[in-house]
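Model, not experiment: these values are computed from the prediction. In what follows, residues are counted from 1 in the order of the sequence shown.
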Amino acid sequence: MKTTLSAQETPLHKVFSDDYLFTIPSVQRPYSWTIEEAGELLEDLLEFISHHKIIEKNLNDINEPYFLGSIVLIKNDGPQSEVLDGQQRLTTLTILLAVLRDYLSEEYAAEIDDMIVQKGSKIRGINDTYRLRLRNRDNDFFKKYIQEKGAVQNINKNTPVKTDSQKAIRDNAIYYMNRLNDLDEEIVNMLPGVIATLCYIVVVSTPNFDSAFRIFTVLNDRGLDLMSSDILKARVIGDIPKNEQDQYTNKWEEVEISLGRDKFNRLFEHIRMILQKRKGNANSKDEYNEIFSEINGKRFIDEILLPYSELYLKLANYRSYYSGNPQLIKILSLLNWIDNTDWYPVAMFYMHNHTDNLEEFLYRLEAFAGMSMVLRKNFNWRQSRYSQILKEMDRGVDVFSSSSALEVTHEDKKEVLRKLNSDVYIELKDTVRRYVLLRLDSLLTTGQPFYDHAVITVEHVLPQTPKEGSKWLEYFDDPSQYVHKLGNLVLLTRVKNSQARNYDFQKKKESYFQTKNGVNTFALTNQVIQEKEWTPQVLEVRQEQLLNLLKNAWGLKNF
């Protein structure tokens, strides 16, 4: 009986044999290795030949194989094998073998060709079958210019291509042909034997998509370039009628390209939260089985993936989407400085179901997310609370009411105020104190603030360690009472200068807080620059003013 999952070290002459007929499903990403990756593969092989002095020996005397990593297949008892991972290596190796076949004499070419094509039988009426079949849109090109015997001789830089994948195939073949011309004849003659007998791949196979999830879990932490969205793609597209799969594959890939691979995978985490309205568990297979028991592949793409990807892009690329609305840009700029993205599903769900009061809702969401940061609420707490908010929104509960789960409790509001009144530079971690100051800065500006600097640092006005004899100590008998308070902090867009941070107030304003034109990026810092001196009285007034701003913004006035 076939096991659920098997893994076996396999020499390439067995990988490219009648044991396997590889198919790259249309749901897979396109072939994308450039001459950099393809060249590295060949150079590693040449280094292996040189290191072991293989030219001077018989291949059978070499006991140390060269490993090319792993491939993951969905495969039952026959040779038919869907490639879940390993497309780039299998395709590149086929290109290299085809170049060697068409470069070398017939005595080598025939055997190399056997690794590219499974021979048919005239008397049995069986056609030749190529051992690797690419995605539909690239397969004819691959067959015509790579797999057919003598095909590589017809490829050049002017060979027309229709996709980036075809361009990569063409360029890699040309690169290999040129590189072989630079090598000694002995090494070129040796290459096919080294590839066939000394190169090994770990072939991991599983009979179905369920065990593919297991493979993903086991191998993802070991460098496998595979994400849960890849497996879901196979699940979703496989649920669509064959005659519509190319159409829906294109829809899927347009979203993946527009978001980028990492954001695309995060989108699925947000979608899962929206659909299930609960914290995720370790068994993603069961979670997605539950989701797809209620929705088919077409509906998932048309009604969930496409609209929510658009909303995700709006939240992430808010400057371009809301260029005419400075207030929306302001609030989304702040939300994107929150040190987690757990608020995204709630915002996306609201935007999907409401066309009005978006700005008001986002400010309410920001108050909740911002205070949660100050309170250091952990992932589990946030997931539980955001799940509750999603469930209430789904039931039609008014998110603007005082009974909404978006409302911060009285006890938590009191704790927020206590923390804001404390030595915030010490009590709050760096990302949180920076966020609090950015929020205050936004409250001091009426227009659209600019918060996407590469560096934003928090600096003290009164230094942490004022020098003996400095003017600071003329004003502050006990600097420790004031130094880490909210009122003593400003924002800068540069790396801190350990020398400048101890300057007296006037010099610090002119040489450290101000830019060349005399104006700082942050209203919060310009406020300090306007002061003529920095005394306990000035600092205390500022402390109270800043606290009042946050009290109004976060609904803390009565606490």
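With 3.5 Å as the limit, one finds a donor-acceptor pair spanning the side chains of Tyr344 and Asn336. Judged by distance alone, the side chains of Asn139 and Tyr130 never bring a donor and an acceptor atom under 3.5 Å apart. Looking at Asn317 and Tyr322, their side chains never bring a donor and an acceptor atom within 3.5 Å of each other. Tyr31 and Asp164 are not linked by any side-chain donor-acceptor pair at a separation below 3.5 angstrom, with hydrogens and angles left out of the test. A donor and an acceptor atom, one from each side chain of Glu47 and Ser50, are nowhere located under 3.5 Å apart.
You'll find the side chain of Phe22 reaches within 4.5 Å of the side chain of Leu73, heavy atoms only. With a 4.5 Å cut-off on side-chain heavy atoms, Arg131 and Ile116 do not count as touching. A heavy-atom distance below 4.5 Å is found between the side chains of Val15 and Leu90. Between Lys429 and Asp339, some side-chain heavy-atom pair lies under the 4.5 Å cut-off.
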- Determine, step by step, whether Leu198 and Ile54 satisfy the side-chain contact (heavy atoms from CB on, under 4.5 Å) criterion, reporting the C-alpha distance in whole Å, the side-chain angles of both residues, the deciding distance to 0.1 Å, and the verdict. CA-CA 11 Å; Leu198 296 181; Ile54 294 177; 3.9 Å; yes

- Message: Walk me through whether His270 and Tyr308 qualify under ring-ring contact (aromatic ring centres under 6.0 Å, His included).
- Response: CA-CA 9 Å; His270 298 327; Tyr308 276 114; over 10 Å; no

- Show the numbers, then the answer: is there a side-chain contact (heavy atoms from CB on, under 4.5 Å) between Leu390 and Val346? CA-CA 6 Å; Leu390 285 167; Val346 174; 4.1 Å; yes

- Go through the steps to decide whether Arg278 and Glu290 satisfy the test salt bridge (charged side-chain N to carboxylate O under 4.0 Å, His left out), and finish with yes or no. CA-CA 13 Å; Arg278 65 168 186 261; Glu290 181 181 329; 3.0 Å; yes

- Under the salt bridge (charged side-chain N to carboxylate O under 4.0 Å, His left out) criterion, do Lys119 and Asp113 qualify, and how do the steps go? CA-CA 9 Å; Lys119 302 303 182 184; Asp113 197 48; 2.6 Å; yes

- Working for side-chain contact (heavy atoms from CB on, under 4.5 Å), residues Phe268 and Leu305: CA-CA 8 Å; Phe268 275 87; Leu305 179 64; 4.2 Å; yes

- Item | Stepwise side-chain contact (heavy atoms from CB on, under 4.5 Å) test for Phe67 and Ile201 | CA-CA 6 Å; Phe67 280 99; Ile201 281 179; over 6 Å; no

- Dump the intermediate steps for salt bridge (charged side-chain N to carboxylate O under 4.0 Å, His left out) on Arg89 and Asp85, then the final yes or no. CA-CA 9 Å; Arg89 267 159 296 177; Asp85 183 73; 3.5 Å; yes

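More than 12 non-hydrogen atoms from other residues, nucleotides or ligands lie less than 6.0 angstrom from CD of Glu244. Within 6.0 Å of CZ in Arg385 there are more than 12 heavy atoms belonging to other residues, nucleotides or ligands. Residue-environment remark: CD1 (Ile35) stays at or below the threshold of 12 foreign heavy atoms within 6.0 Å. Glu40 CD: 12 or fewer foreign heavy atoms inside a 6.0 Å radius. Within a 6.0 Å sphere centred on CD of Glu43, heavy atoms belonging to other residues, nucleotides or ligands number more than 12. Within a 6.0 Å sphere centred on NZ of Lys149, other residues, nucleotides and ligands contribute more than 12 heavy atoms. The number of heavy atoms from other shown groups lying within 6.0 Å of CG (Asp394) is above 12. Atom CD of Glu111 sits in a sparse spot, with 12 or fewer heavy atoms from other residues, nucleotides or ligands closer than 6.0 Å.
Counting only distance, with no hydrogens or angles, the side chain of Gln147 and the backbone of Leu132 share a donor-acceptor pair below 3.5 Å. Judged purely by atom type and a 3.5 angstrom limit, Asp184 has no side-chain atom pairing as donor or acceptor with the backbone of Glu186. With hydrogens and angles ignored, the 3.5 Å screen pairs no side-chain donor or acceptor of Asp342 with any backbone N or O of Arg382. Checked by atom type and distance alone, the side chain of Arg135 never pairs as donor or acceptor with a backbone atom of Pro25 at under 3.5 Å. Counting only distance, with no hydrogens or angles, the side chain of Thr159 and the backbone of Asn156 share a donor-acceptor pair below 3.5 Å.
Under the 6.0 Å cut-off for aromatic ring centres, Trp252 and Phe264 qualify, their centroids lying closer than that.
In this structure, Phe368 and Trp381 have parallel ring planes: the angle between them is below the 30° cut-off, well short of the 60° mark.
The side-chain tip of Lys144 does not point at the ring of Phe141 from less than 6.0 angstrom away and within 45° of straight on.
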